[in-house]
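Before any comments, here is the structure.
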Amino acid sequence: MRNRKGEECAWHSDPTAHSNLDTLQTILNCASVQGCDRCVSCSEQALEMFRSVARSHRA
(Lines give C-alpha, C1' and ligand atoms only; values in the text may rest on other atoms or scores of the structure.)
Protein backbone atom coordinates (compact mmCIF):
# COMPACT_ATOMS: atom_id res chain seq x y z
CA MET A 1 0.00 0.00 0.00
CA ARG A 2 1.22 3.51 -0.76
CA ASN A 3 0.41 6.84 0.84
CA ARG A 4 -0.50 10.03 -1.01
CA LYS A 5 3.18 10.79 -1.63
CA GLY A 6 3.58 7.39 -3.27
CA GLU A 7 5.74 6.06 -0.45
CA GLU A 8 5.42 2.43 0.56
CA CYS A 9 3.47 1.95 3.78
CA ALA A 10 5.73 1.06 6.70
CA TRP A 11 3.35 -1.74 7.72
CA HIS A 12 4.35 -3.54 4.54
CA SER A 13 7.94 -2.42 4.11
CA ASP A 14 9.18 -3.08 7.68
CA PRO A 15 8.67 -6.60 9.05
CA THR A 16 9.47 -5.34 12.57
CA ALA A 17 6.89 -2.53 12.46
CA HIS A 18 4.77 -4.03 15.24
CA SER A 19 7.62 -3.78 17.77
CA ASN A 20 9.72 -0.86 16.53
CA LEU A 21 8.88 2.50 18.15
CA ASP A 22 10.50 4.52 15.35
CA THR A 23 8.55 2.69 12.66
CA LEU A 24 5.30 2.99 14.62
CA GLN A 25 5.90 6.73 14.99
CA THR A 26 6.48 6.96 11.25
CA ILE A 27 3.21 5.12 10.65
CA LEU A 28 1.34 7.44 13.03
CA ASN A 29 2.77 10.51 11.30
CA CYS A 30 1.95 9.12 7.87
CA ALA A 31 -1.60 8.25 8.85
CA SER A 32 -2.27 11.66 10.37
CA VAL A 33 -0.51 13.83 7.78
CA GLN A 34 -0.51 11.98 4.47
CA GLY A 35 -3.49 9.73 4.81
CA CYS A 36 -4.73 6.92 2.66
CA ASP A 37 -7.93 4.92 2.46
CA ARG A 38 -7.07 3.24 5.78
CA CYS A 39 -5.72 6.24 7.72
CA VAL A 40 -8.14 6.01 10.68
CA SER A 41 -7.81 2.28 11.31
CA CYS A 42 -4.09 2.44 10.58
CA SER A 43 -3.41 5.23 13.06
CA GLU A 44 -5.55 3.54 15.74
CA GLN A 45 -3.66 0.28 15.32
CA ALA A 46 -0.26 2.01 15.32
CA LEU A 47 -1.14 4.04 18.41
CA GLU A 48 -2.20 0.96 20.38
CA MET A 49 0.97 -0.89 19.37
CA PHE A 50 3.13 2.17 20.14
CA ARG A 51 1.63 2.40 23.62
CA SER A 52 2.11 -1.32 24.22
CA VAL A 53 5.74 -1.32 23.07
CA ALA A 54 6.51 1.84 25.06
CA ARG A 55 5.05 0.28 28.21
CA SER A 56 7.11 -2.89 27.73
CA HIS A 57 10.29 -0.83 27.33
CA ARG A 58 9.59 0.92 30.65
CA ALA A 59 9.17 -2.35 32.57
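All residue numbers in this chain count up from 1 along the given sequence.
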query: Can you name the nearest heavy-atom pair linking H57 to L21, along with the distance?
result: CD2-CD1, 4.2 Å
Nearest heavy-atom neighbours spanning I27 and A17: CD1-CB, 4.2 Å
- request: Rounded to the nearest 0.5 Å, what's the gap from CG on N20 to CE on M49? Could you check?
  value: 12.0 Å
message: I need the L47 CG to E44 CD distance, nearest 0.5 Å.
response: 8.5 Å
- prompt: What pairs with E48 under salt bridge (charged side-chain N to carboxylate O under 4.0 Å, His left out), at least two apart in sequence or on another chain?
  reply: R51
